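For reference, the structure is listed below as structure tokens.
What you see is a predicted model; the values in this text were computed from it and never measured. Proteins come first, then strands; the chains are lettered A, B, ... in the order of their sequence lines, and each starts at number 1.
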Amino acid sequence: MPELPEVEYVRRQLRRAMTGARIDQVVLRRANLRVPFSTDFAERLEGRTVRNVRRRAKYLLVELSSDDVLVMHLGMSGWFNIQRPPGGSPVDPLDKHDHVIFEMSNGRTVVFNDPRRFGFMKIIDGEDLARDPVFAALGPEPLARAFTAQVLATALAGRKTSLKVALLDQGRVAGLGNIYACEALHVARLSPKRRASTLVTRAGEPRAEAVALTRAIRLVLKDAIANRHRAAGDDRFRVYDHEGERCPRRGCAGTITRIVQAGRSTYFCPKCQR
DNA sequence: CGTACACCCTGGCCGC
DNA sequence: TGCGGCCAGGGTGTAC
């Protein structure tokens with residue numbers, strides 16, 4: 001279920017488990033995820049020390065002492081299970097979707113599990129990261145200070161597509177997915193069906209609505225990161241997956257509606273989101 | 001160029 | 001209880 005907040009949560013876990021430690025062994029339990037592992041995958045990792053674990057959009061970047069970077073994406077169903085066997089509880093038995101295992105020199109075992117296998121891992125030279133077409137095409141990080149209403153306005157200017165679809169475009173804003181795009185639009189009281197360019201003046205300035213949306217995006221993402229510890233099954237969403245329920249906004253008697261945009265479900269309140 | 005759509009893969013849920 | 005159909009939070013490649 002990974003969008004930016006979940007990937008950020010995973011990043012923090014990996015940073016704690018891996019930073020400063022050496023990768024002693026890499027076990028690949030199958031030849032591919034969404035794409036095949038390179039033939040030198042394990043070899044390029046084993047013996048290297050992890051300097052840091054960073055995130056760009058929904059990508060995890062493990063920086064290695066060799067100046068290589070292990071780039072990982074969780075896809076739709078990827079997750080990491082971190083264990084520390086020495087002296088503690090025994091290692092959990094492997095699941096059939098445990099595809100990659102990293103044995104760390106600090107005793108941690110980092111296991112990548114991904115039932116749908118839409119995730120991927122690849123290693124690239126750190127020097128090439130910025131030039132990589134995937135990373136070069138990414139839009140601004142919504143949690144960075146540099147993400148202002150003006151930046152959002154520039155991203156939306158001239159776009160005839162709907163606001164919701166524009167927000168899902170990683171080249172416009174990096175890291176928003178289907179859930180948090182819906183959530184942010186509800187907080188900002190904006191209809192997902194609005195033409196994206198209507199949040200921008202002719203001169204390319206952000207309208208008040210773009211300011212509200214900028215704040216809303218930041219709010220829902222930060223809130224999701226802060227509340228990631230809440231038990232699974234807890235309902236953390238205002239509108240996502242709430243079709244037919246009453247709008248949670250105080251004083252709004254609207255009903256959450258589901259529509260399909262660009263092949264994906266959008267949930268919103270037609271009454272208060274304009 | 002922008003957009004629309006199929007596709008990659010497995011599992012969970014719903015209705016019959 | 002079994003089974004088919006549908007749905008799922010991501011990204012890419014192709015066709016128009």
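When the side-chain nitrogen and oxygen atoms of A:Lys160 are compared with OP1 and OP2 of B:dA4, none of them lie within a distance under 4.0 Å. In this model, the phosphate group of C:dA8 is approached by a side-chain N or O of A:Ser265 to a distance below 4.0 Å at OP1 or OP2. Phosphate contact (OP1/OP2 of B:dT3, side-chain N/O of A:Arg159, threshold under 4.0 Å): present. One finds a side-chain N or O of A:Tyr240 lying less than 4.0 angstrom from the OP1 or OP2 phosphate oxygen of C:dG9. The shortest distance between the side-chain N/O atoms of A:Arg264 and the OP1/OP2 oxygens of C:dG9 is below 4.0 Å. For B:dT10, neither phosphate oxygen OP1 nor OP2 lies less than 4.0 angstrom from any side-chain nitrogen or oxygen of A:His97. Regarding contacts with the backbone of C:dG13, every side-chain N or O of A:Arg34 stays at 4.0 angstrom or more from both OP1 and OP2.
Between the CG atom of A:Leu74 and the P atom of C:dG11 there is a distance of 10 Å, given to the nearest Å. Protein atom NZ of A:Lys96 is 8 Å distant from nucleotide atom P of B:dT10, rounded to whole Å. If you take NE2 of A:His242 and P of C:dG9, they are 14 Å apart, rounded to a whole angstrom. Rounded to whole Å, atom P of C:dA8 lies 18 Å from atom CG of A:Asp114. Look at CD on A:Gln261: it is 16 Å from C1' on C:dG9, rounded to the nearest Å. Taking atom NE2 of residue A:His99 and atom C1' of nucleotide B:dC8, one finds them 13 Å apart after rounding to whole Å. Look at CG on A:Leu4: it is 11 Å from P on C:dG11, rounded to the nearest Å. Distance CD (A:Gln170) to P (C:dG10): 8 Å, rounded to an integer number of Å.
Residue A:Val134 is in sugar-phosphate contact alone, with no base atom involved, counting any heavy-atom pair closer than 4.0 Å across all strands shown. Using a 4.0 Å heavy-atom criterion, one finds that A:Gly263 contacts no nucleic acid atom at all.
With B:dG2, B:dT10, C:dG11 as the candidates, the nucleotide lying closest to the side chain of A:Tyr59 is C:dG11. Comparing C:dA8, C:dG11, B:dG2 by their closest approach to the side chain of A:Arg172 singles out B:dG2. Checking C:dG10, C:dG9, B:dG11 against the side-chain heavy atoms of A:Pro115 singles out B:dG11 as nearest.
Shown here for A:Ala166 and A:Thr161, the closest heavy-atom pair between the two residues is CB-CG2, 3.9 Å. A pairwise comparison of heavy atoms in A:Phe237 and A:His242 identifies O-NE2, 3.0 Å as the closest pair.
Each of A:Arg116 and A:Ala57 has a nearest nucleotide on DNA chain C; the 5'-most of these lies closest to A:Arg116. Take the nearest nucleotide of DNA chain B for A:Arg30 and for A:Thr161: the residue whose nucleotide is more 5' is A:Thr161.
Between A:Asp132 and A:Arg56, no side-chain nitrogen of the basic residue sits less than 4.0 Å from a carboxylate oxygen of the acidic one, so the salt-bridge criterion is not met.
Under the 3.5 Å distance criterion, with hydrogens and angles disregarded, a donor-acceptor pair is assigned to the side chains of A:Glu6 and A:Tyr180.
With A:Asn178 as the partner, the side-chain hydrogen bond (donor to acceptor under 3.5 Å, both in side chains) test is satisfied by one option alone out of A:Arg264, A:Gln261, A:Lys164, A:Glu183: A:Lys164.
Within a 6.0 Å sphere centred on CZ of A:Arg215, heavy atoms belonging to other residues, nucleotides or ligands number 12 at most.
Between C:dG9 and B:dT3, the distance separating the two C1' atoms is 22 Å to the nearest Å. The P atoms of B:dA6 and C:dC6 are separated by 13 Å, rounded to the nearest whole Å.
Using the Watson-Crick or G-U wobble rule with both distances under 3.5 Å, C:dG9 pairs with nothing in any strand shown. Using N1 to N3 plus N6-O4 or O6-N4 for Watson-Crick, or N1-O2 and O6-N3 for G-U wobble, each under 3.5 Å, B:dG2 pairs with C:dC16.
If you check distances only, the side chain of A:Arg117 never reaches the base of B:dC9 with a donor-acceptor pair under 3.5 Å.
Ring planes of A:Phe120 and A:His73: parallel class, angle under 30° (limits at 30 and 60°).
Here A:Phe118 counts as stacked on C:dG10: its ring centre is under 5.5 angstrom from the base ring centre and the planes meet at under 30°.
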